[in-house]
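Below is one structure, written out as structure tokens, with a few remarks after it.
Residue numbers begin at 1 in each chain, while the letters A, B, ... track the order of the sequences.
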Amino acid sequence: MIQKQELLSLIEACRSVRRLRQLHGLMVATALVRDVVPLSRLIDFCVDSRHRDIAYARALFARVPAPTTYMWNSVIRGLSDGDEPEAALALYADMLRHGRSPDHFTFPFALKACSRVPDPSFGRCVHGRVVKAGYEADVYVSSTLIHMCVSCGDIPSATSLFQNAVNRNIVTWTTMIAGYAETDRAGEAIRLFSEMELEGVEPNEITMVHVLVACAQSRDLETGRRIHARLRRAGAESIPSNLVLATALVGMYARCGSLKTARHLFDKMTVKNEVSWNSMISGYNQYGRPNEVLQLFKEMRDAGLKPDKVTLLSLLGACADIGALPLGQEIHACVEKTIGSGDVAIGTALVDMYAKTGDAPSALQIFASLEGRKDVMAWTSMILGLAKHGHGTAAIDLFVEMTQHGVAPDDITFIAVLTACSHAGMVDEGRKYLEAMEKLYGMEPRMEHYGCVVDLLSRAGRLAEAERIVRSMPIEPSTTIWSSMLSGCGIHGDVALAGRIGDQLAQSKPQGGGTSVLISNIYAGAGRWQEVDEARRLMWKKGLKKTHGCSSI
DNA sequence: CTAGGGTTAG
């Protein structure tokens, strides 16, 4: 008959679940089957990420008449990071029902499960018990509590837990920094990092990763560089040997538009995975470098890696940029073969690609197939696609439909809507939507929004209205805005307004020769040669030459 | 037996 000590060493040496089942079989005939120590080892083995057989772990657990807290914890832990975190919570509830008190191990596991389920009430429930049982001071518990609040989108609670924490360690700080970075509060993340340094807490690699993410998100290249310099001082390596850290660094430079630096570091990485390749490729995509996207993707494939969802997003973006429909179709086929086009992000990228490459029917078809999953980006890309194809009315109809579906428009939606009005010459609608944006939706129009409407009014010859908008805008009008007004002046022969704009521009700092040329052309058109000379002289005085037209091809 | 890591469309 097998002895306990022998069994334990056999379990420790075990390498597969198959073998583990045999060992379990050996126990069944003996009293060891009721011994919690070997049983715990068996459960831990199945829960371990290397072997992972949760079903077997649960089966073993179910046969134990009075499982120890340790066993409850093991199974909850195993379920908490699996495919069904709900099961971890169900087991946690079972544990309470069996009169077992959760301990400082149980809570981190249960809270992890809470942060992975959509319903925030589980988290609140477990949080309540943490307080009742007096585990708030435990750093493990408080860190997972903060993480859980962040996952539920409850930043105020996370912040208050962090500030009131009796014990904080680097994980607590990092969790809070990551929480801010993940929820578009990059400024807060960076501020908290400075505070941490002032308190003399040393960051580790994970902290650095999140600070770099915050820098990337807010395009804060300056802070990003400082972090990079720190990393170089800390380790002798020119690129961190840690894959995730190196990727975050590349991603930071790429998102800030320092593509050369990003690429330089990327090329130095000796080990790369999909995420590393994606961060470089999406950098090229975000900054309008479609050829580099396609080139680097080829290299990624040559390196033996397959494109995933994120890679495909960039590839579709590149096709849209260069107007490559056949290539776009090829990538679409690849999407269907691998992840499917049902994902909103992918669907939106497809809609955009088809719209920009001139295949409106396919764009519409993909859009329709998204059904109830359509978010603001999906709607906006379709509205913009229709607008650019000259279907202004259809675009506006779609906007109305979107609001009826309860999807709230954002600033970019309004650019799409105003573009639709602009392309279709819907002057009054354009004015109406600009006003609605402010008054109804409480959004502050940006230069692009004013630009659309000014362009629309100018082209319709309603220059007085355009001028009124420009003069009452809360922001300094851009050259583009003045240019579209001047174009309007040219078309509708409003020499007086062109002159006023010219004076205005003469007082401001030089912004390029384009507007001066427009003005002198308007004077020339009206036969006012003296003013033409004057306008040209002004151009020279400001040290400007007529900028030559430059083709993108 | 415990907590916190990178890429993502309009």
Side-chain angles (χ1 to χ4, degrees), chain A residues 40-41 43-44 47-48 68-78 80-81 103-112 115 138-148 150 169-179 181-182 203-213 216 240 242-252 254-255 272-283 285-286 308-317 320 343-353 355-356 367 370 374-385 409-413 415-416:
Chain A
S40 295
R41 296 284 160 84
I43 291 169
D44 281 345
V47 153
D48 189 307
T68 57
T69 303
Y70 182 104
M71 287 177 179
W72 284 102
N73 290 347
S74 287
V75 186
I76 293 171
R77 168 164 63 103
S80 73
D81 52 18
D103 64 7
H104 56 119
F105 288 109
T106 322
F107 285 122
F109 305 144
L111 287 165
K112 184 177 195 171
S115 55
D138 183 284
V139 263
Y140 288 85
V141 175
S142 70
S143 294
T144 33
L145 260 180
I146 292 170
H147 182 76
M148 183 275 292
V150 170
N169 64 10
I170 184 60
V171 178
T172 326
W173 284 93
T174 304
T175 306
M176 196 64 244
I177 291 170
E182 273 163 30
N204 63 20
E205 290 181 331
I206 302 180
T207 321
M208 291 310 215
V209 165
H210 290 293
V211 178
L212 286 168
V213 169
N242 180 317
L243 174 63
V244 177
L245 185 56
T247 300
L249 194 61
V250 168
M252 183 278 292
R255 268 203 88 166
K272 301 182 188 108
N273 63 9
E274 284 87 349
V275 182
S276 332
W277 285 90
N278 287 344
S279 58
M280 194 64 238
I281 291 173
S282 25
N285 180 45
Q286 282 161 14
D308 64 7
K309 179 185 148 184
V310 180
T311 326
L312 292 165
L313 288 174
S314 292
L315 289 171
L316 290 169
D343 177 87
V344 226
I346 281 286
T348 304
L350 281 167
V351 167
D352 186 58
M353 183 276 291
K356 286 191 178 145
F367 180 73
L370 290 175
K374 295 192 290 272
D375 60 12
V376 63
M377 290 196 213
W379 286 96
T380 303
S381 72
M382 195 65 248
I383 293 168
L384 199 60
D410 63 14
D411 52 337
I412 301 175
T413 315
I415 289 182

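- Within the nucleic acid shown, A:L243 comes within 4.0 Å of at least one base atom, counting heavy atoms only.
- Contact footprint of chain A on DNA chain B: nucleotides with an atom under 4.0 Å from a non-hydrogen protein atom, first to last in 5' to 3' order, B:dC1 to B:dG10.
- Residue contacts shown for A:T106 are absent, as no nucleic acid heavy atom lies under 4.0 Å away.
- Among the heavy atoms of the strands, none lies under 4.0 Å from A:V47.
- For A:F109, the ring pair (Phe, Tyr, Trp, His ring centres under 6.0 Å) criterion is met by no residue, not counting sequence neighbours.
- At distances below 3.5 Å, not a single donor-acceptor pair connects side-chain atoms of A:N73 with backbone N or O atoms of A:I76.
- If you check every strand for non-hydrogen atoms under 4.0 Å, A:S142 touches nothing.
- A:D343 comes within contact range of no nucleotide atom at all, as no heavy-atom separation falls under 4.0 Å.
- Note on A:N204: a base of the nucleic acid sits closer than 4.0 angstrom, heavy atoms only.
- Residues satisfying the ring pair (Phe, Tyr, Trp, His ring centres under 6.0 Å) criterion with A:W379, sequence neighbours excluded, are A:F367, A:H405.
- Using a 4.0 Å heavy-atom criterion, one finds that A:T174 contacts the bases of the nucleic acid, with or without backbone contacts as well.
- Scored by the ring pair (Phe, Tyr, Trp, His ring centres under 6.0 Å) test, A:W72 finds A:F61, A:H98 as partners (sequence neighbours excluded).
- Within the nucleic acid shown, A:T175 comes within 4.0 Å of sugar-phosphate atoms alone, with no base atom in reach, counting heavy atoms only.
- Remark: A:Y70 engages A:S40, A:D44, A:T68, A:S74 in a side chain to side chain contact (heavy atoms under 4.5 Å, CB included) (not counting sequence neighbours).
- A:V344 comes within contact range of at least one nucleobase, with a heavy-atom separation under 4.0 Å.
- Base engagement by A:N73 is indicated by at least one non-hydrogen atom pair under 4.0 Å involving a base atom.
- Here A:V376 lies in heavy-atom contact (under 4.0 Å) with a base.
- As judged by a 4.0 angstrom heavy-atom cut-off over every strand, A:V244 is placed among the base-contacting residues.
- In this structure, A:S279 has no side chain to side chain donor-acceptor pair (under 3.5 Å) partners at least two apart in sequence or on a different chain.
- Closest non-hydrogen pair, A:V351 versus A:S381, comes out as CG1-OG, 3.5 Å.
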